[in-house]
Amino acid sequence: MKDGKRIITCHGPRSIYARLFDKIREQWPAESGPGSDFIRDIVQEDLLSGRRKTVVTRFPPEPNGYLHIGHAKSICLNFGIAEEFGGHCNLRYDDTNPTKESQEYIDAIERDVHWLGFDWDKNLFHASDYFEQLYAWAEDLIRAGKAYVDDQTQEAMRAARGTLTEPGSNSPFRDRGVAENLDLFRRMRSGEFANGARVLRAKIDMASGNINLRDPVLYRILHAEHPRTGMTWKIYPSYDFAHGQSDAIEGITHSICTLEFEDHRPLYDWFIQNLPVPSQPHQYEFARLNLTYTILSKRVLTELVRGGHVSGWDDPRMPTLAGLRRRGVPPAAIRDFVKRIGVAKANSVVDMAMLEFSIREHLNKTAPRRMAVLRPLKVVIENYPQGQSEEVEAANHPEDAAAGARRIRFGRELFIERDDFMENPPKKFFRLSPGAEVRLRYAYFITCREMVKNAAGEVVELRCTYDPATRGGNAPDGRKVKATMHWVSADASVPAEVRLYNPLFARADPDAANFAADINPNSLEVLRDARVEPALAGRDSNHAVQFERLGYFCRDPDSTSERPVFNRTVGLRDTWAKVSGSGS
RNA sequence: UGGGGAAUAGUUCAACGGUAGAACAUCGGACUCUGACUCCGAGAAUCUAGGUUCGAAUCCUAGUUCCCCAGCCA
């Protein structure tokens, strides 16, 4: 604290607000930390000022694909705000386009939102729940002379819409009488006309600088089966005509969406003002999530799946929630990540390293430690008695004694990691090399005496000696080794398949328009000869584990009882790889 | 050349006329039976030019750059 320091406090309305904010915070304490952003500020002020008595939000996916981590940002925002301010959040399907939607996606969305850790309780809705009401409102608009049936072809409509810099021109059908409009619209509903024959349009302003206001389409004819309403409807409302009104019906107070809808807001408001809706929702926009080395676009993700570039929506390389789940990413890590990146209106690309940090941070605390050797190199302990073996004790978690310990079989023949041996080690390499002594974790110090090579000159086996006095991993004479290495017993270990994942795209900034060119050919590496300690073999659980010194892994559903398959969720930070320049 | 938005360390987000701060990343160091974790430290930013003000990232003016919009997609 400095002497003579004076802070000129701001009197007037601000300080009053500051006190009120404190009060609000007491009343609605955020779960962990104050977590604030411009949207939460708006919500707070609305509650303070009395403009709103309560907060109701909604997460409104269209069931035309799987949810990805970008949706997680929206889910955490909408459900999070509702929770923090004592309101509720609806799950609402924006199911207004039956040609793109399916039950598979509906099921996947519910599974994924639940998995992420949110619950809509009874508040599950569909835009299709409101089709009848929306239709009635459309007729209201027609009666008020604010909507008309347009017979123009799609091409003619496009031509008459004008361009970004030139105004559009009125449709020749714009001034049709109310009776004729009503008759035509009802016949559209009854299925009398073919797809594309006519549309219902709002009569707003063909010269507006905002193209969304140039007589937007309210209804189009679609003879298609809807996952929920079947063949009942032959016409379907557009997004613009359905969304705000659905919000109003549900009593949504804060309708939070992404930036690209910013210039739909005037249209959103136009409907709210011109229709007898039961409430007055407002729309707010935030910047969607972008991540380096991936593409968060349903279109691209769909093509990745359909084009066979990945094994499915839940391929562990996919940024989908299903993919992240299969990859072994804990939902809590995703929530933490979303909290860290914040919410703002500036377009941004978040470094994938931030996601990885959240994942590691969570897994470090929760994942039991195990030993596994990905690329085995055989080690024979020459001075270890033939035909004998013993058990050593290994802690399940170094920072959590309550996690207990397990016993691991040690014997004359072992496997170590191929990367942990170098015949001609560089200076900073302090693992195993000819003549060097290292510790086998929880077991003994061993020294490499001899290499066995095959005809090609490759090292296929190491002949070592151990120091029986170092049992448990400590030398009674106090001598130190520079490396501690993981290992498994040759006999008492289980063969496993391990799948290593690298970024799906080779560039930090892949081109969504031509994504195939940027796909990383080495995004998946399958190791078929891995060996894991037996404790890992039997378990059905897909709980995350740490393979010591390697990374966090989880059991893949492709596992069989005799052959487990593990996915690498994320590697450990690897300072050595940086120093040596050898990635893996 | 229309309309709507956004510009702060490498990245993401704070700072709401009064000391530009955090996290991730990067680089050092300590510790270590995981080259992990943890701990300590360092470098690193207000788009530009004017103006208002005792004082500007914040207000004003003019510019620059980037993003979105011309589906009967959402």
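Protein chains get the first letters and strands the later ones, always in sequence-line order, with residue 1 at the start of each. As a basis for the values below, the full set of heavy atoms in this structure was taken, side chains included, without hydrogen atoms, waters or symmetry mates.
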* Starting at atom CD of A:Q283, determine the distance to atom P of B:G5, rounded to an integer number of angstrom. => 12 Å
* When you compare B:U48 with B:A7, how far apart are their C1' atoms, in angstrom units rounded to a whole number? -> 12 Å
* Would you check if the side chain of A:N78 reaches a backbone N or O of A:I75 as a donor-acceptor pair within less than 3.5 Å? => no
* Report which part of the nucleic acid A:K298 touches: base, sugar-phosphate, or nothing (heavy-atom distance under 4.0 Å, all strands). => nothing
* Asked: More 5' along RNA chain B: A:R265 or A:I341, using each one's nearest nucleotide?
  -> A:R265
* To do: Mind calculating the distance between CG (A:D37) and C1' (B:C13) to the nearest angstrom?
  => 10 Å
* Whole-Å C1' distance, B:A9 and B:A57 -> 14 Å
* So, the side chain of A:R58 versus the backbone of A:P60: is there a donor-acceptor pair under 3.5 Å, distance only? -> no
* Asked: Taking a pair as Watson-Crick or G-U wobble with both distances under 3.5 Å, which nucleotide is matched to B:G28?
  -> B:C40
* **Whole angstrom value for the distance that separates P of B:A6 from CZ of A:R288** => 18 Å
* Please give, in whole Å, the distance from B:C37 P to A:N364 CG? -> 8 Å
* Taking A:D420 as the fixed residue, which of A:R439, A:R375, A:R549, A:R441 is the one that meets the salt bridge (charged side-chain N to carboxylate O under 4.0 Å, His left out) rule? -> A:R549
* For the side chain of A:D351 and the backbone of A:M354, is there at least one donor-acceptor N/O pair under 3.5 Å apart? -> no
* **Distance, P atom - from B:G17 to B:U58, rounded to whole angstrom** => 11 Å
* Structure fact -> B:G35 -> Watson-Crick or G-U wobble partner, both distances under 3.5 Å, gives none
* Asked: When we call it a touch if two heavy atoms are under 4.0 Å apart, what does A:V481 touch: a base, just sugar-phosphate, or nothing?
  -> nothing
* **B:U34 base / A:Q546 side chain donor-acceptor hit below 3.5 Å** => yes
* To do: Establish, with yes or no, whether the OP1 or OP2 oxygen of B:C37 is under 4.0 angstrom from a side-chain nitrogen or oxygen of A:R573.
  => yes
* Asked: When you compare B:A45 with B:G10, how far apart are their C1' atoms, in angstrom units rounded to a whole number?
  -> 10 Å
* Asked: What is the nucleic acid contact for A:F429, judged by heavy atoms within less than 4.0 Å: base, sugar-phosphate only, or nothing?
  -> base
* A:R214 and A:S208: side-chain hydrogen bond (donor to acceptor under 3.5 Å, both in side chains), yes or no, with the steps? -> CA-CA 6 Å; A:R214 319 242 263 230; A:S208 173; 5.9 Å; no
* For RNA chain B, whose closest nucleotide is more 5', that of A:M485 or that of A:S208? -> A:S208
* To do: Could you give the distance separating B:C13 and B:A20 at their C1' atoms, to the nearest angstrom?
  => 14 Å
* To do: Using a heavy-atom cut-off of under 4.0 Å over every strand shown, decide if A:Y236 touches base, sugar-phosphate, or nothing.
  => nothing
* Which nucleotide, B:A6, B:C37, B:U26, lies nearest any side-chain atom of A:E399? -> B:C37
* To do: Searching all strands shown, indicate the nucleotide that pairs with B:A22 (Watson-Crick or G-U wobble; both distances under 3.5 Å).
  => B:U12
* Asked: Does any nucleotide pair with B:A62 by Watson-Crick or G-U wobble geometry, both distances under 3.5 Å, and what is it?
  -> B:U48
* To do: Once you apply the 3.5 Å cut-off to both distances, tell me the Watson-Crick or G-U wobble partner of B:G2, or none.
  => B:C69
* How far, in whole Å, is B:U8 from B:C73 if one measures between their C1' atoms? -> 36 Å
* **Syn/anti label of B:G4 as read from its glycosidic torsion, with the cut at 90° from 0** => anti
* Is a side-chain donor or acceptor of A:H226 paired with a backbone partner of A:D95 at a separation under 3.5 angstrom? -> yes
* **Atom-to-atom span, CZ of A:F547 to C1' of B:G35 - whole angstrom** => 20 Å
* N/O donor-acceptor pair under 3.5 Å between A:R531 side chain and A:L374 backbone -> no
* State whether the side chain of A:Y219 and the backbone N or O of A:Y135 hold a donor-acceptor pair below 3.5 Å, judged by distance alone. => yes
* Kindly say whether, by distance alone, the side chain of A:R431 makes a donor-acceptor pair under 3.5 Å with the base of B:G35? => yes
* Please report, rounded to the nearest Å, how far the P atom of B:U12 is from the OH atom of A:Y293. => 14 Å
* Structure fact -> Protein-proximity profile, nucleotides 65-74 of chain B, B/S/- by nucleotide at the 4.0 Å heavy-atom cutoff, equals --SBBBSBSB
* To do: Classify the nucleic acid contact of A:P398 as base, sugar-phosphate or nothing, counting any heavy atom under 4.0 Å across all strands shown.
  => base
* Asked: Taking atom C1' in both B:G28 and B:C47, what distance in whole Å separates the two?
  -> 32 Å
* Between B:U34, B:U11, B:G4, spot the one nearest the side chain of A:E262, thanks. => B:G4
* To do: Mark yes or no for whether A:R360, through its side chain, and A:S358, through its backbone, hold a donor-acceptor pair below 3.5 Å.
  => no
* **Closest nucleotide among B:C24, B:C13, B:G35 to the A:R340 side chain** => B:C24
* P spacing across the pair B:G18 / B:A44, given as an integer number of angstrom -> 25 Å
* Asked: Would you say A:D477's side chain and A:R479's backbone share a donor-acceptor pair under 3.5 angstrom?
  -> yes
* Whole-Å distance between B:U12 C1' and A:F357 CZ? -> 14 Å
* If pairing requires Watson-Crick or G-U wobble contacts with both distances under 3.5 Å, which nucleotide is the partner of B:U53? -> none
* To do: Return the value, rounded to whole Å, for the distance between atom CG of A:D269 and atom C1' of B:G4.
  => 14 Å
